[in-house]
Protein chains: 2
Amino acid sequence: MKNKIRIERAILNISQAELADRVQVTRQTINAIELEKYAPSAVLAMKIARVFGKKVEEVFELEEGD
Amino acid sequence: MKNKIRIERAILNISQAELADRVQVTRQTINAIELEKYAPSAVLAMKIARVFGKKVEEVFELEEGD
DNA sequence: ACACTTAGTAAAATATATTTTACATTTAGA
DNA sequence: TCTAAATGTAAAATATATTTTACTAAGTGT
């Protein structure tokens, strides 16, 4: 699962820690998802998209293997 | 996390088993999510929404506790 | 150069999602 | 009514996400 978290963070100009704070997870969780170490839960994906003012599909993209 | 899976299934007129098949999970997984026993992964939520031709936010809704 | 914020990483523990197998119940159609 | 399909449920096993603690490295501004 690919994502545009880094780009959206840059647009909002917020750190991983700040985003983590806003969606109530740890900074490491944001880092891991941003680096695509694993995919988030639907709840977290929706919260992240909401912070960015985007739809889930605009931030996350399904890949072949998913 | 609330969802409109039952309604969307009714519109498409497909069973839980058929939906499970299309998104490559077991029938029990669809049943559990539909009955809100637990929330899906982002991957699964996106696949389900895609089957229904809807955005994730049109099928799933965040609740207070999420 | 120094201090500070940000980002990357890792291992162990915990929480949660998903599978598997199996059975019970409800619903719909012939 | 009989039968088949669809749904609900449950326990145990496995997979995956998330937390916690902690350390390292990289970038920024002064």
Side-chain angles (χ1 to χ4, degrees):
Chain A
M1 166 121 150
K2 287 178 13 181
N3 73 78
K4 301 193 169 87
I5 294 177
R6 176 142 316 189
I7 294 168
E8 296 298 334
R9 272 202 311 109
I11 293 172
L12 270 191
N13 193 35
I14 60 176
S15 66
Q16 292 179 346
E18 169 72 14
L19 176 57
D21 223 50
R22 293 210 205 172
V23 298
Q24 325 218 65
V25 293
T26 63
R27 181 180 69 77
Q28 285 82 346
T29 295
I30 295 299
N31 183 261
I33 292 166
E34 183 167 313
L35 298 182
E36 294 170 7
K37 305 254 187 230
Y38 51 75
S41 64
V43 167
L44 183 48
M46 290 180 76
K47 283 177 166 183
I48 291 172
R50 191 173 56 181
V51 166
F52 296 148
K54 296 263 165 92
K55 298 286 186 187
V56 168
E57 283 87 349
E58 296 175 302
V59 180
F60 299 94
E61 187 181 356
L62 286 176
E63 297 186 276
E64 280 304 323
D66 292 333
Chain B
M1 169 123 147
K2 288 181 6 183
N3 73 77
K4 301 193 170 93
I5 294 177
R6 174 142 318 189
I7 293 168
E8 296 298 334
R9 273 200 311 107
I11 293 172
L12 271 190
N13 194 35
I14 60 176
S15 65
Q16 292 179 346
E18 169 72 15
L19 176 56
D21 222 51
R22 293 209 204 171
V23 298
Q24 324 220 66
V25 293
T26 63
R27 180 180 71 77
Q28 285 80 346
T29 295
I30 295 298
N31 183 261
I33 292 166
E34 183 168 314
L35 297 183
E36 294 169 9
K37 305 255 187 227
Y38 50 75
S41 66
V43 167
L44 183 49
M46 291 181 75
K47 284 177 166 182
I48 291 172
R50 189 173 58 181
V51 165
F52 296 148
K54 296 262 165 93
K55 299 287 188 188
V56 168
E57 284 86 350
E58 295 176 304
V59 180
F60 299 94
E61 186 183 355
L62 287 176
E63 297 185 275
E64 281 305 321
D66 292 332

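Just so it is clear: chains get the letters A, B, ... in the order the sequence lines come, proteins before strands, and each one is counted from 1.
The shortest distance between side-chain heavy atoms of R22(B) and E18(B) falls below 4.5 Å. Proximity of V51(A) to L12(A): side-chain heavy atoms (C-beta onward) are separated by under 4.5 Å at one or more points. The closest side-chain heavy-atom distance from E57(B) to E57(A) is below 4.5 Å. By the 4.5 Å heavy-atom criterion applied to side chains, E8(A) and I11(A) are counted as neighbours. Taking the side chain as every heavy atom from C-beta outward, F52(B) and I7(B) never approach each other to under 4.5 Å.
Taking only side-chain nitrogens and oxygens, S41(A) never comes nearer than 4.0 Å to OP1 or OP2 of dT16(C). Not one side-chain nitrogen or oxygen of Q24(A) sits closer than 4.0 Å to the OP1 or OP2 atom of dT18(D).
Nucleotide dT14(D) holds its C1' atom 13 Å from the OH atom of Y38(B), rounded to whole Å. With rounding to whole Å, I5(A) atom CD1 is found 12 Å from dA7(C) atom P. Rounded to an integer number of Å, the gap from CD of Q16(B) to P of dT18(C) is 15 Å. The separation between R9(A) atom CZ and dT5(C) atom C1' is 13 Å, rounded to whole Å. Distance, K37(B) NZ to dA15(C) C1': 19 Å, rounded to whole Å. The interatomic distance linking L35(B) (CG) with dA6(D) (P) rounds to 17 Å, in whole Å. Per the geometry, CG belonging to D21(A) stands 14 Å off C1' belonging to dT6(C), to the nearest Å. If you take CE of M1(B) and P of dT16(C), they are 15 Å apart, rounded to a whole angstrom.
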For this session: Please step through side chain to side chain contact (heavy atoms under 4.5 Å, CB included) for the pair K55(A) and V56(B), ending with a clear verdict.
Result: CA-CA 8 Å; K55(A) 298 286 186 187; V56(B) 168; over 6 Å; no
For this session: Evaluate the side chain to side chain contact (heavy atoms under 4.5 Å, CB included) criterion for residues T29(B) and L44(B): first the C-alpha distance (whole Å), next the side-chain angles of each, then the deciding distance (0.1 Å), finally the verdict.
Result: CA-CA 10 Å; T29(B) 295; L44(B) 183 49; 3.8 Å; yes
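Here K2(B) does not pair with E63(B) in a salt bridge; the nearest charged N to carboxylate O distance is not below 4.0 Å.
If you find the closest nucleotide of DNA chain D to S15(B) and to P40(A), the one lying nearer the 5' end belongs to S15(B).
Sorted by residue number, the list of members of residues 48-66 of chain A with any non-hydrogen atom under 4.0 Å from DNA chain D is empty. Shown for residues 26-33 of chain B: residues whose heavy atoms fall under 4.0 angstrom of DNA chain D, namely R27(B), Q28(B), N31(B).
Set against dA7(C), dT7(D), dT19(C), the side chain of R6(A) has dA7(C) as its closest nucleotide.
Within the 3.5 Å criterion, the main-chain N or O of M1(A) finds a donor-acceptor partner in the side chain of D66(A).
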